[in-house]
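In each ligand, atom 1 is the first atom listed, and ligand 1 is the first ligand listed. Numbers here simply count residues along the sequence, with the first being 1. Only heavy atoms go into these numbers, but all of them, side chains included; no hydrogens, no water, no symmetry mates.
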Amino acid sequence: MIKANYPLSKFQDIQTPFYYYDLDLLRSTIAEVKTQSAKSDFVVHYAMKANVNTSVLEVIKNAGLGADCVSGGEVQAAVDAGIAPSKIVFAGVGKADWEINLALDNDIFCFNVESIPELEVIDELAGKKGKTAQVALRINPNVSAHTHHYITTGLSENKFGINMSEINKVIDLSLTLTSVKLIGIHFHIGSQITDMTSFQGLCVRVNEIQETFDARGIVLDHINVGGGLGINYEHPNHFSIPDFESYFKVFREHLILKPHQKLHFEIGRAIVAQCGSLISKVLYVKVGTSKSFVILDAGFTELIRPALYQAYHRIENLSSALPDEEYDVVGPICESSDTFVKNYMMNGTHRGDIIALRSAGAYGEIMASQYNLRKLPKAYTSDELK
Ligand SMILES: *Cc1c(COP(=O)(O)O)cnc(C)c1O
């Protein structure tokens, strides 16, 4: 079993809180992504918004993955990391002109276009540069992801994508525009999806939508089904590498590709979540009237997922082998929502113990804030602390 390992003796000398990335686990995870996706020649873009730590990006770039970006900043970060522009896709409901121009200047592979006015603006800006922008239409497939409502994106009530009823209208428009070339369709139904039937539902919908394009005689080079594969937050040691085999198999078995059509993926969380931990020190153990509180030096400023979407992270006391006791584990921020977990069984804990908040490699460090004028967390890798 490959699992995250902790160089505890090295941790003692580092100012907490900080992020720690096990790059060996990241490399093993990516190797599995490549093995499983290669079986069907699937193309994988790493969803940059999950984590843009330089060491993490370096591993991803070296493995040859492409990038999925949702802002100009991410397009720039992908280019700076050395990811080939021909492997970069750019989604987002609100692309500003400067972001579109930046992507055009870098000749990225494809814009995932989320509305009619956006398509017109990309056409206009590309025209001014004498370029042709390759575009895919992001279609809202009205498929439920069965995940937290804040991270569901593929229902018609969500702000993302073009509604299916508008497809013909957008095809008509794209045929009149001279500086965009329609090369694909794009979907992304949500995040932390563990129920494979959601992806199966997406495949069925994609097959139906392909018929609309067929009927118009339009040949699409690629289908992009986005990302969203979930990870196991309860048992990061036993499920350190997500089940990419089953995931890709769903698409292989249920999505009907036309000859020469390529299937693209945009995987974020499932690639980077398990290799990252937030390492924190216990400031105080406060015994209240009905509960005991473990007060950490990390709060939602370093890891906002529990406060933002009631997310669970496994918490381990790396310093203690004492019998379990029940605690509320909280941060130091002046907000009641700054609570990582309530009524949690954990080894008997004391001031100074080192704590790992597990599975924090995705949507962790990148969402850190300076609220309460706290410092942004630093990050260290297993390669550095060897
Ligand atoms: C966030 C996002 C992804 C990645 O989602 P994960 O759940 O991290 O895999 C992929 N595509 C788009 C368009 C996104 O916005």
Enumerate the protein residues lying less than 4.0 Å from ligand 1, judged by heavy-atom distances, in chain and residue-number order.
-> Ala47, Lys49, Asp68, Val70, Ala91, Arg138, His186, His188, Ser191, Gly227, Gly228, Glu266, Ile267, Gly268, Arg269, Tyr363
Would you call Asp243 and Lys249 a salt bridge, using N to O less than 4.0 angstrom?
-> no
Who passes side-chain hydrogen bond (donor to acceptor under 3.5 Å, both in side chains) against Glu208, sequence neighbours left out?
-> Arg205
Return the set of residues passing side-chain hydrogen bond (donor to acceptor under 3.5 Å, both in side chains) with Tyr284 (not counting sequence neighbours), or none when no residue passes.
-> none
Identify whether the distance between the nearest side-chain nitrogen and carboxylate oxygen of Glu384 and Lys10 falls below 4.0 Å.
-> no
Please work out whether the ring planes of Tyr371 and Phe300 are parallel, tilted or perpendicular, with thresholds of 30° and 60°.
-> parallel
Which pairs of donor and acceptor atoms, one on a side chain in residues 215-227, lie under 3.5 Å apart (sequence neighbours left out)?
residue: Arg216; atom: NH1; partner: Asn168; partner atom: OD1; Å: 2.8
residue: Arg216; atom: NH1; partner: Asp172; partner atom: OD1; Å: 3.2
residue: Arg216; atom: NH2; partner: Asp172; partner atom: OD1; Å: 2.6
residue: His222; atom: ND1; partner: Ile183; partner atom: O; Å: 3.3
residue: Asn224; atom: OD1; partner: Gly226; partner atom: N; Å: 2.8
residue: Asn224; atom: ND2; partner: Glu266; partner atom: OE2; Å: 2.8

